[in-house]
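Okay, so here's the structure we're looking at.
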Amino acid sequence: MQDKYPKSYAPGQVEKKWFDLWQRNQIYVASADSPKPGYSILMPPPNITGILHFGHVLNITIQDIYIRWKRMQGYEVCWFPGTDHAGIATQTRVEKELAKEGLTRYALGREKFLERVWKWKEEYGGIILRQLRELGISCDWSRTLFTMDESASNAVREVFIRLFDEGLIYRGKRIINWSPLSRTALSDEEVEFREVKEYLYTLRYYFVDSEDYLLVATVRPETIFGDVAVAVNPNDDRYKHFIGKQVHVPLANRPVPVIADDYADPTFGTGCVKITPAHDPNDFEVGQRHNLPIINSINPDGTLNEYAGEFCGLERFEARKKIVERLVERNLIEKIEDYVHNVGFSQRGGEPVEPYLSDQWFVRMKPLAEIALKPVLDGRIKFYPKHWEKTYQHWLENVRDWCISRQLWWGHRIPVYYAPDGRYTAARNEEEALAKLGLAKDVPLEQDPDVLDTWFSSWLWPLTTMRWLHDGVTEDTPDLRKFLPTDLLVTAPDIIFFWVARMIMATMKFKNQIPFKDVYFTSTIRDGLGRKLSKSLGNSPDPLMIIEKYGADATRFTMTYLSPLGQDVRMEIDVKTQDIPSMEIGRNFANKIWNAARFLLMKRDMVELPECCPSNQEKQLQVGELSYADRWILSRLHSTILKVNRNLENYRINDYAKLLYDFVWRDFCDWYVEILKVELKDTNEVSFNQALMRFALDIFDNILRLIHPVMPFISEEIWHLISRKPEFESISLQPFPMYIKDFIDEEIEWNFEIFQLVVEEIRKLRNEIGIDVNKRIDLILNTQNQELFSMLVQNKDALSFLVRANEVKILDKSVENVRAISSVVREVEIHLLITSDIDISKERERVSKEIERLRNNIDSILSKLNNTAFLGKAKPEVIEKEKAKLESMNETLSKLEKLFARLSEL
RNA sequence: GGUGGCUUAGCUCAGUUGGUCCAGAGCGUUCGCCUCACACGCGAAAGGUCACUGGUUCGAGUCCAGUAGCCACCACCA
C-alpha cells in the first residue's frame, strides 16, 4: 500500500502527463457558438525574441487562474494566445546573426533579409509559447495569432489607410528620438530618462566685430557645428544691446546672430543659449520662430558629418572629447563644471537617444485620447489597482503625437505611395493609389520604405485576435460577437501607455466598444535587495529551471501567494545557484496536499469504499449523523468557498492563495484529518467508516476544485485518483464549489475554536512542565457553561487523542483538591493530573500572570462600558459583544482566582 | 518639479467597510519529537511603544493633515 501512493509528491511526470492529455483532448478550445455566457482574456503577446522570465510567469499564472475559475463556473471561456513580431528587437537579433557570417542587411537586400527573418521566426519564434506551456496554461492554442500573420497585417493596413484618409495620420518633419544604434526613429515611450554625470562646458563665442565674447554653456559641445544662433532673453539687461550682433561659432568660425527669445532663462548659466535646431527639440522651436536655418551636423549612425570639418566621421562621444581638447587648445573654454542631468536612452538599444530632425509619420493623438479617456472615467473599464487610472488620465491629457514610422525592414510596411510629382497617399496597392491620386495607370509609384511601430499592430490586438478585417473587409465575426469586450486584461504597468491606452483608443475608434472590462496590473518582481530582475544583474533565474526543481504548481502557487494587488513582489534570489528559496512555500504546500490525499486514499482503500467518486454533500447529510468535527469542517469549507470567490472577484489573488493554504493546512490537515483518525478508529462498523470516508473525500474533492485554478496539475492528478474517472475527463471541467449558506454554522465554528484553544492550552502545559511526548496524561476538564460542556463531551475522544491523554473526565461542576497543574481557558478549567510534586512558586507565577492579563482586559472593557459616551454612541451589537466578553472574562477570572487561592494554601 | 505608492516581529509581508480575549502568517531563531499522510513534517516558545507629530471619533495599525525616509511613474532649461 505504501508503494501505491508515493510518499512525496513528484511533480515532473504528473505535470507532463496531464499537459499532454489536455492538449490531445483539446479541452481548452472555445466555441463562439456556445450557448454558455462568454468569458475571454487576451494574452499579452510575448515578443518572438523573448525568453520566459518571472514577469511572464506571474502574468500568465494570473490569467490562467481566472480562465480556469470561470471555466469551472460554467462560462464559455476563451483565452487568446499569440506572439508579437517585435520590430527592432527581432531585426537586431537577425542582423547580429548576419554579422557572424560577415553579412549586413544592406548587403543582403530587403527581400532576402526579410526571408531570413521569417526563417528565424519559424525556428525560434515559438519558443516562448512552448515555454509558457510548461506552466500548464489552458489557452485556446487553435486561435494563436502572430502580429505579422496575413489576417493581422490586413487589419493593420486598413487601419492605417482609414486614419490617413481621416487626417489622423500625417507626415511631418520633426525632431524625433533617434536611435543611432538601430538607425530608426523611436516613439517618446521608447525613451527612458536616466540621471548621468557629465560636464557643463562654458564656451566663448567671439563677436565678429570686436575682441569681446559671449559665454554660452552647453553639455554637448559636439553640436556646435549645428549652431545657427545664440539666444538671450529680451529682458536681460546684460545682453540687450548685443541683440542683432553676430558671433562666431567656436571652431566652426561661422558667424551666427544673437537673437532675443524668452526661451533663454536669465537665471540659468550665463543667460546665453546656443541654438541648434537640428539637434534639440526646444532649439528647433526657437529656430522656427526666428526663421533660422537648420544645420544637421550628425549622421544617422551617430557620427559627425562634413559640417564638423576635421571632426567629420567621428562618433559623437569620441568627437566630444576631441572637440573639447581643441577648444581648450584654442582657449575657447571659459570653464568646465561637473553637471548632473537627465539624458534619454533608447529603451531597447540602451544608447543615448539623439534628437534628430527627419520626416516621419505621426498619429494625431488628441482625438483618440479623448475617446479613450471616457470609458475609464465613467467606469466601463476598471483598473486594478485603481490608482493607475490617474496615471492613465494624466498621460492621455498630455499626450503628444505618436511617431509610428520606423526605419526598419522587419514590420508592417507603410502603405503609402509617392508619385513622381511629390504627392502621396495611403492605399491598399499601387492601382488604388494611382486612382486616389488621379494619375494614369502607367505612372510609376514608389512605396514608402519604412515600416510601422510594432505597437501599431499591438493596439489592434483585441480586434485582430478575433479576426476583424482579417481579409481587409469583414467587420464582424463570431468571435467578436461572442468575446468582445473581453473580460480581463492582465499586464505589467510599464506598458500602460504603450499598449493598454492604445488598445482602448483603437477599439473605441474602430468598433466603438471597450476592449476589456477589467485591467489587472501585475506586481513588479524584485530580488531581495529590491532590484528588478534582469539578466545583466544575474538575479533573473530561468523559470524553467525553477519549474523543474519545484514543479509548475509550486511555482504558480508561490508567485500567486507572494503577489499582493498593487504591491511589488520581493523574492530572495540566490545569484550563485540561481535558486529562489521561497518556492518552497508552494512545493511544501503541494506536498502537504499530496500527503493529505495519500492519507485519505489509504483509508479509503482500507474501508473498501466501493463507489468511484464522492457524491454531493446534500446526500451525505441524509446518510448519517455528522460528527461535531464534520459539521465544523463543512462550515469552514463553505466559509472558505465564499471568501475564495470574493477574493477572486476583487483580484485579491494572494488572499485567495493564503486562504487555501490556511484552510488546507490548518483546518483540514491539522485538525480535521487528525480527528478523522480517531473517528475511524472509534468503531469497527464498516458502513459507518465508509460513510465517514465518503464525507471526508467529498470535502477534499471540494478542496481540489478550489485549488485547481492555481494548481492545475496536482488537483487533476488527485482528482482522478479519488474519482477514478477516465483520463479524458478533467477536473477543470467540473463545477467550481458552490457556496451553500445552510452549511455555515457559526455556533459550531465558535465552539470549535474554544475546543482548539483548550487543546492548545493542554499541549502548552505538557510542554511547559516537560512531560515526555510518549507519556499519556490524565485530565479533568470542567465548565459550568452548558454549551461548552456539551461540546467537550462530544469531542472527548478527539481531545484525548490530540493531547495524548489516557483518561479524560469532563464535568459540569467544579472540582476540589486535585493534585494537578491547572489552567483556565474561556470558562473551561483544565486540570492536568500529576503524580510528582508541583513546583508551587512556578505555578503561582504562571497563574498570577494570567490573572493580571485578564484583569487588564476586564479593566479596559469596564472603562468602555462605564463610559456614557460609548454607551450612547456605539452600535448596540458592539455593546452587547463587550458585555458578553466581560461576563465570560469574569467567569474565567473567578476560576483563576480560586485556582490561585488553592495554590496559596499549599 | 508633478503624481502615485510604501514605512507593522531579526527578514519578507497580511491586516478588506474604524470595535471579535492582549496585532497575524511564512522564513529565521530556541526547545521537544522519525506520534501508524507528510522531517518538504508534528507539537511548543521567544520576538512588535503598528515611522514620527497632531487631529477626527465613545473608540484608530485602520480615517484626515503635516514631517521624515524609501520606491515607482511622468515632465525636464542650455
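Proteins get letters first, then strands, A, B, ... in listed order; numbering begins at 1 in each.
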Residues from residues 751-766 of chain A lying under 4.0 Å of RNA chain B - heavy atoms: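 Within this stretch, A/E760, A/R763, A/K764 sit under 4.0 Å of the strand.
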Positions of residues 863-873 of chain A (non-hydrogen atom under 4.0 Å from RNA chain B), listed by number: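 Listed by number, they are A/N867, A/A869, A/F870, A/K873.
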Round to the nearest Å and state the distance from [X] atom [atom1] to [N] atom [atom2].
X      : N      : atom1 : atom2 : answer
A/I573 : B/rU12 : CD1   : P     : 14 Å
A/I546 : B/rC40 : CD1   : P     : 18 Å
A/H394 : B/rA75 : NE2   : P     : 9 Å
A/W395 : B/rG4  : CH2   : P     : 20 Å

Check: [Y] main-chain N/O paired with [X] side-chain donor or acceptor under 3.5 Å:
X      : Y      : answer
A/T270 : A/L215 : yes
A/R570 : A/G528 : yes
A/R804 : A/V773 : yes
A/D401 : A/M365 : yes
A/S523 : A/V569 : no

Looking at [Y] and [X], is any side-chain nitrogen of the basic one under 4.0 Å from a carboxylate oxygen of the acidic one?
X      : Y      : answer
A/K849 : A/E852 : no
A/D655 : A/R652 : yes
A/K885 : A/E882 : yes
A/E192 : A/R194 : yes
A/R531 : A/D527 : yes
A/K197 : A/D338 : no

Nearest-Å distance once atom [atom1] is located in both [N] and [M]:
N      : M      : atom1 : result
B/rG24 : B/rU8  : C1'   : 10 Å
B/rG10 : B/rU49 : P     : 8 Å
B/rG19 : B/rC64 : P     : 15 Å
B/rG55 : B/rG48 : C1'   : 25 Å
B/rU20 : B/rG61 : P     : 11 Å
B/rG15 : B/rG26 : C1'   : 15 Å
B/rA25 : B/rC36 : P     : 27 Å
B/rC70 : B/rC33 : P     : 48 Å

Would you tabulate the pairs of protein nitrogen or oxygen atoms and nucleotide nitrogen or oxygen atoms of nucleotides 26-30 of chain B closer than 3.5 angstrom?
residue : atom : partner : partner atom : Å
B/rG26  : OP1  : A/R666  : NH1          : 3.1

With respect to the phosphate group of B/rG4, does any side-chain polar atom (N or O) of A/K390 fall under 4.0 Å of OP1 or OP2?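 For B/rG4, OP1 or OP2 has a side-chain N or O of A/K390 closer than 4.0 Å.
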Closer than 4.0 Å, any side-chain N/O of A/R570 to the OP1 or OP2 of B/rC70?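 No, because none of the side-chain N or O atoms of A/R570 sits under 4.0 Å from OP1 or OP2 of B/rC70.
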Need one value for [X]: base, sugar-phosphate or nothing, where a base atom within 4.0 Å counts as base even if backbone is also close, heavy atoms only.
X      : answer
A/P385 : nothing
A/A264 : base
A/D670 : sugar-phosphate
A/E189 : nothing
A/F589 : nothing
A/V273 : base

Presence of donor-acceptor pair under 3.5 Å, side chain of [X] and base of [N]:
X      : N      : value
A/K592 : B/rC38 : yes
A/K658 : B/rA25 : no
A/N342 : B/rC76 : yes
A/S888 : B/rC21 : yes

From [options], nucleotide with atom closest to [X] side chain:
X      : options                : value
A/T391 : B/rC73, B/rC40, B/rC13 : B/rC73
A/W665 : B/rG41, B/rC13, B/rG15 : B/rG41
A/N857 : B/rC38, B/rC74, B/rC22 : B/rC22
A/D655 : B/rU20, B/rC76, B/rG15 : B/rG15
A/K7   : B/rU3, B/rC38, B/rA37  : B/rC38
A/R826 : B/rG19, B/rC21, B/rC76 : B/rC21
A/K881 : B/rG43, B/rC77, B/rU20 : B/rU20
A/H387 : B/rA37, B/rG4, B/rC21  : B/rG4
A/A874 : B/rC58, B/rC22, B/rC76 : B/rC58

Toward the 5' end of RNA chain B, by each residue's nearest nucleotide, A/R587 or A/A884: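 Nearest nucleotide further toward 5': that of A/A884.
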Please tabulate, for side-chain N and O atoms in residues 219-232 of chain A, each donor-acceptor pair with protein atoms closer than 3.5 Å (sequence neighbours left out).
residue : atom : partner : partner atom : Å
A/R220  : NE   : A/E222  : OE2          : 3.1
A/R220  : NH1  : A/E354  : OE2          : 3.1
A/R220  : NH2  : A/E222  : OE2          : 3.2
A/R220  : NH2  : A/E354  : OE1          : 3.0
A/R220  : NH2  : A/E354  : OE2          : 3.0
A/E222  : OE1  : A/R320  : NE           : 3.0
A/E222  : OE2  : A/R320  : NH2          : 3.0
A/T223  : OG1  : A/R220  : O            : 2.8
A/T223  : OG1  : A/K274  : NZ           : 2.6
A/D227  : OD1  : A/K274  : NZ           : 2.7
A/D227  : OD1  : A/T276  : OG1          : 2.8
A/D227  : OD2  : A/Y205  : OH           : 2.5

Between A/E827 and A/T892: side-chain donor-acceptor atoms closer than 3.5 Å: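 No, because no side-chain N or O of A/E827 sits under 3.5 Å from a partner of the opposite role on A/T892.
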Is the distance between the ring centroids of A/F383 and A/Y392 under 6.0 Å?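 Centroid separation for A/F383 and A/Y392: below 6.0 Å.
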Check: A/F557 ring centre within less than 6.0 Å of A/F589 ring centre: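 Yes - the distance between ring centres of A/F557 and A/F589 falls below the 6.0 Å cut-off.
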Would you write the dot-bracket representation of RNA chain B, where each base gets (, ), [, ], | or . depending on whether it forms a Watson-Crick or G-U pair under 3.5 Å and with which partner? (((((((..((((.....[....)))).(((((.......))))).....(((((..]....))))))))))))....
Only pairs at least two apart or in different chains count here, so list each side-chain hydrogen bond (donor to acceptor under 3.5 Å, both in side chains) that has a residue in residues 872-881 of chain A.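 Sorted result for residues 872-881 of chain A: empty, none.
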A/Y656 six-ring face occupied by A/K643 cation (under 6.0 Å, within 45°):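 Judged by the rule, A/K643 and A/Y656 form no cation-pi pair.
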